[in-house]
Amino acid sequence: MELPEEILRLADLQSDVVSRAQLGAAGVPPGMVRWHSTRHWRSLLPGILMLNTGSPTDQQRLVAAQLYAGADAWLRGESALACYGAGPRLRSPVQLYVPHPHRARRVMWLSIAATRLTNERVVERGPLRISCRPRAVVDAAADAIDDRQARALLVGCVQERFVRLADVQHWVGVRRRNGTVRLNAALAEAASGAWSLPESDLARLLLRSPRLAGLMANPGLTTHDRIRLTTPDLWIDEVALAIMVHSRRFHSDVLDWDSTVLADQDLRDADIEVVPLTPHVITTDPAACRAAVHAGLDRALRRPRPPVIATPRDGLAWAS
């Protein structure tokens, strides 16, 4: 007996993954399902079959997870971000939400959580249902293995405009209190204007020095005749001191990297004292970073402050 046309169309839509319930509803006899399951098909989850014996792709694993968890389930957290291409590749466990009163459970390589927060706009992509971007970011940050990873994810997604800060703030505000301390700390960094985790780490380091009060993150700079200058990563306005964090990894493309390096000369032409640093030095030798900034501050104090106007990003200076 050949598979019904209905199942063939369904398999095409579902990346060759179907459920036993779908097969039964299409009239496929249980005996035929058992026969194929031991010879030509592969079981991915209880009651979920892939219509070949190869290794499942990420898409097939996602479809299998969706079929197992049910039509009212949706992918969440890191698994949802993998669908958007905003995080690491799909890895176990695949994470889903089901609405309360369904129960949370762990089944093989699935982690299914129950939630009462069901008023989000779930994104539908073919057979998949995916958590909205801001909630996915918040959940993934809350589940991160440490605070640093959580900060990197949340700050990066906000500053790369993958999500809006206000939307992330909403989902942090409505979740239960567990994990919100790290999320609120990361939100404060995102709101302050730090573009990357190295800049955030550097600001935290420098704020410990009483000589470096009044740090600003990514302010807009203009000359006295209203010529715009390149935005520094960190800024001390009293002496017009710019701190630049140079790393190709934290810029979106080669042109951004080139413009960042060339920006040092742009700022120096305006008589701004520039202290260049790298993420590697920030991580491995914080004392050297602080000393370099102190030395730059001393140099800046020995010359008149240039007539440069700094406008805080979104009206905010860095908050400790």
Side-chain angles (χ1 to χ4, degrees), residues 147-148 151-152 155-156 158-159 185-251 256-320:
D147 290 349
R148 179 180 174 82
R151 288 163 48 212
V155 171
V158 169
Q159 301 300 354
L187 276 176
E189 293 182 11
S192 73
W195 284 105
S196 70
L197 194 59
E199 292 162 28
S200 173
D201 288 340
L202 179 61
R204 286 170 173 265
L205 169 68
L206 298 182
L207 283 169
R208 299 171 191 163
S209 171
R211 296 189 63 199
L212 303 174
L215 274 179
M216 298 166 64
N218 305 119
L221 297 184
T222 56
T223 64
H224 67 286
D225 49 358
R226 299 186 180 181
I227 297 175
R228 290 191 61 182
L229 300 173
T230 303
T231 300
D233 296 317
L234 295 172
W235 175 259
I236 299 177
D237 191 56
E238 184 179 358
V239 295
L241 173 67
I243 304 166
M244 304 294 286
V245 181
H246 292 330
S247 172
R248 188 189 302 272
R249 176 184 172 192
F250 293 96
H251 295 270
D256 281 351
W257 165 251
D258 290 342
S259 64
T260 299
V261 174
L262 293 173
D264 283 10
Q265 190 57 50
D266 171 27
L267 297 175
R268 287 189 175 94
D269 287 345
D271 201 25
I272 293 169
E273 182 64 37
V274 178
V275 178
L277 297 170
T278 66
H280 178 72
V281 174
I282 295 169
T283 302
T284 61
D285 198 347
C289 288
R290 191 161 43 231
V293 175
H294 283 165
L297 179 63
D298 291 336
R299 291 191 298 272
L301 286 168
R302 291 195 292 268
R303 55 95 167 104
R305 186 194 184 283
V308 177
I309 301 168
T311 304
R313 177 178 173 81
D314 295 330
L316 293 172
W318 189 278
S320 59

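Because the structure is a prediction, the values reported are computed rather than measured.
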Which heavy atom of [X] sits nearest to which heavy atom of [Y], and what is that distance?
X	Y	value
Ala270	Pro306	O-CB, 3.5 Å
Ile272	Ala242	CG2-CB, 3.8 Å
Glu273	Ala300	CB-CB, 4.0 Å
Ala203	Leu215	O-CD1, 4.0 Å
Met244	Thr231	CE-O, 4.1 Å
Ala240	Arg303	O-NH2, 3.2 Å

Taking the side chain as every heavy atom from C-beta outward, state whether [X] and [Y] have any pair of such atoms under 4.5 Å apart.
X	Y	answer
Asp298	Arg211	yes
Leu234	Val275	no
Leu205	Arg290	yes

Where do Thr311 and Thr222 land on the side chain to side chain contact (heavy atoms under 4.5 Å, CB included) test, with the steps shown first? CA-CA 9 Å; Thr311 304; Thr222 56; 5.8 Å; no
Given side chain to side chain contact (heavy atoms under 4.5 Å, CB included), test Asp269 with Leu229 step by step and report yes or no. CA-CA 10 Å; Asp269 287 345; Leu229 300 173; over 6 Å; no
Test side-chain contact (heavy atoms from CB on, under 4.5 Å), reference Ile243, set Leu212, Asp233, Val274, Leu206, output is Leu206
Test your reading of the model: is there a side-chain donor-acceptor pair from Asp266 to the backbone of Thr230, 3.5 Å cut-off?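 Yes, because the side chain of Asp266 sits within donor-acceptor range (under 3.5 Å) of the backbone of Thr230.
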From Asp237 CG over to Arg305 CZ, what is the distance, rounded to the nearest 0.5 angstrom?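 Taking CG in Asp237 and CZ in Arg305, the distance rounds to 4.5 Å.
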When rounded to the nearest 0.5 Å, the distance separating OG1 of Thr223 from CG of Asp271 is 12.5 Å
